[in-house]
Amino acid sequence: MLFYWFLKFVAIGPVAKLVFRPRVEGRENVPATGAAILASNHLAAADWIFMPLSLRRRVTFLAKAEYFTGRGVKGLLRRAFFTGAGQVPIDRSSATAAEGAIRTGLQMLRQGRLLGIYPEGTRSPDGRLYRGKTGVARMALETGVPVVPVAMTYAPRRIPFGRRLVRIGVRFGEPLDFSRYEGLAGDRYVERSITDEIMYEIMTLSGQEYVDVYGATVKRTMDATGASASDVVSRLQPPVDEAGDRAPDTLAG
């Protein structure tokens with residue numbers, strides 16, 4: 001616990017803020033106390049650093065177990081860093097593992113924590129926003145906590161002597177209340193509707209183009225075929241008329 005605050009306010013936070021000057025909007029939309037889900041797009045490995053830095057409260061993320069299983073001194077240091085930085089290990093290798101991840105998330109929320117989630121399940125392969133997985137909806141329904149949509153943005157910024165840095169933006173949207181679906185956890189149609197609503201809000205905040213395909217599917221196909229993300233998406237995405245019906249909106253059903 002102490003290591004987390006040391007990283008945030010002493011070792012990493014001040015330097016990161018000084019160098020990158022992240023612009024934060026909507027911080028007041030994050031509850032000052034109690035549990036909530038922070039559902040964010042996922043563009044870069046730095047997302048989990050700059051989003052928590054914009055808040056005074058601690059944010060807990062569910063991180064892939066590989067970060068915690070290294071051997072030797074390097075593995076020990078990496079495990080200590082991710083643990084201290086508020087990461088909780090989860091196994092993402094199977095459907096059973098995914099259920100375990102949801103249970104871990106539920107436990108964190110029932111402890112009153114802020115839980116950071118990337119509904120896409122992986123970093124975007126090309127900067128677009130990909131289809132969200134329904135685990136975020138399941139956790140929201142089972143706990144009744146609000147979901148705060150978050151958009152990470154990155155833009156080039158000129159600095160003296162012709163150098164460039166990245167201008168980082170963190171936008172927190174208004175909390176989403178899904179109490180109207182109380183008692184419907186496990187209904188896959190309701191969970192898909194909620195997830196699409198969350199993705200719509202993230203899309204609106206970030207300005208990203210939405211792709212109605214899972215990012216992980218695109219990445220696996222890219223690795224197997226060597227094709228670009230655009231080529232893979234053009235083959236996997238539904239026809240235009242069907243995709244229009246499935247694009248996320250606030251009345252998704």
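Worth knowing before you read on, the calculation uses all heavy atoms, side chains too, and leaves out hydrogens, waters and symmetry mates.
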* Taking side chain as C-beta onward, heavy atoms only, is I117 less than 4.5 Å from M139? -> yes

* Kindly work out whether a path of hydrophobic side-chain contacts (I/L/V/M/F/W/Y, heavy atoms less than 4.5 Å apart) joins Y181 to Y200. => yes

* Single-linkage hydrophobic cluster, 4.5 Å side-chain cutoff, L176 and L109 together -> yes

* Asked: How far apart are the C-alpha atoms of Y154 and R167, what are their side-chain angles, what is the distance that settles it, and do they pass the side-chain contact (heavy atoms from CB on, under 4.5 Å) test?
  -> CA-CA 6 Å; Y154 297 85; R167 170 75 71 185; over 6 Å; no

* Are side-chain heavy atoms of L114 and T60 found at a separation under 4.5 Å? -> no

* Quick one: list whatever passes side-chain contact (heavy atoms from CB on, under 4.5 Å) with R235, sequence neighbours left out. => T221, T225, A227, D231, V232

* To do: Could you list the residues that satisfy side-chain hydrogen bond (donor to acceptor under 3.5 Å, both in side chains) with S206, not counting sequence neighbours?
  => Q208

* Asked: Same cluster or not: are Y210 and L205 linked, directly or through other Ile, Leu, Val, Met, Phe, Trp or Tyr residues, by side-chain heavy atoms under 4.5 angstrom apart?
  -> no

* Closest non-hydrogen atom pair between P31 and V148, with its separation -> CD-CG2, 4.2 Å

* Asked: Are F178 and I198 close enough, and set up right, to give a side-chain contact (heavy atoms from CB on, under 4.5 Å), and what steps lead you there?
  -> CA-CA 10 Å; F178 297 109; I198 293 168; 3.9 Å; yes

* How about V211 and L129: do any of their side-chain heavy atoms sit closer than 4.5 Å? -> no

* To do: Return the set of residues passing salt bridge (charged side-chain N to carboxylate O under 4.0 Å, His left out) with E209 (not counting sequence neighbours), or none when no residue passes.
  => R128

* Asked: Which residues satisfy the side-chain hydrogen bond (donor to acceptor under 3.5 Å, both in side chains) test with D187, sequence neighbours excluded?
  -> none

* When rounded to the nearest 0.5 angstrom, what is the spacing between CG in L115 and CD1 in I37? -> 6.0 Å

* Asked: For the residue pair V24 and S54, what are the closest heavy atoms and their distance?
  -> CG2-CB, 3.4 Å

* To do: Search all heavy atoms of S124 against all heavy atoms of L43 and return the closest pair with its distance.
  => CB-CD2, 4.2 Å

* Measure the CG-CZ distance between L38 and R57 for me, rounded to the nearest 0.5 Å. => 8.5 Å

* To do: Not counting sequence neighbours, list each pair that qualifies as a side chain to side chain donor-acceptor pair (under 3.5 Å) and has a residue in residues 25-37.
  => E25-R171

* **Contacts of type ring pair (Phe, Tyr, Trp, His ring centres under 6.0 Å), residue F50, not counting sequence neighbours** => F20

* Structure fact -> Here the gap from T195 atom OG1 to K133 atom NZ, rounded to the nearest 0.5 Å, amounts to 11.5 Å

* Structure fact -> Value for CH2 (W48) from CE (M152), rounded to nearest 0.5 Å, stands at 12.0 Å

* To do: Could you pull out all residues at least two apart from E142 that satisfy side-chain hydrogen bond (donor to acceptor under 3.5 Å, both in side chains)?
  => R138

* Asked: Rounded to the nearest 0.5 Å, how far apart are OG of S40 and CG of D47?
  -> 5.5 Å

* Would L184 and Y189 count as a side-chain contact (heavy atoms from CB on, under 4.5 Å) if you check the C-alpha gap in whole Å, the side-chain angles of each, and the deciding distance to 0.1 Å? -> CA-CA 10 Å; L184 295 177; Y189 296 105; over 6 Å; no

* Minimum-distance pair of heavy atoms, taken over all atoms of G116 and V59 -> N-CG1, 3.8 Å

* **Separation of E191 CD from R188 CZ (nearest 0.5 Å)** => 10.5 Å

* **ILVMFWY cluster, V150 and I168 together (side-chain gap under 4.5 Å)** => yes

* Side chain proximity check, R131 to E120, heavy atoms < 4.5 angstrom -> no

* **Qualifying ring-ring contact (aromatic ring centres under 6.0 Å, His included) pairs, either residue in residues 105-127, two or more places apart** => H42-Y118, F61-Y118

* Asked: What residues, two or more places apart in sequence or in another chain, satisfy side-chain hydrogen bond (donor to acceptor under 3.5 Å, both in side chains) together with S179?
  -> D177

* Asked: Of the non-hydrogen atoms in V147 and A39, which two are nearest, and what is the gap between them?
  -> CG1-CB, 3.9 Å

* To do: Report, as yes or no, whether the 6.0 Å neighbourhood of atom CZ on R23 holds more than 12 heavy atoms from other residues, nucleotides or ligands.
  => no

* To do: Could you walk me through whether T143 and L106 pass the side-chain contact (heavy atoms from CB on, under 4.5 Å) test, one step at a time?
  => CA-CA 7 Å; T143 60; L106 291 172; 3.5 Å; yes

* To do: Would you indicate whether the side-chain heavy atoms of P149 and F172 approach each other to under 4.5 Å?
  => no

* Qualifying residues under side-chain contact (heavy atoms from CB on, under 4.5 Å), relative to P125, sequence neighbours excluded -> Y130, V218, K219, M222, A229

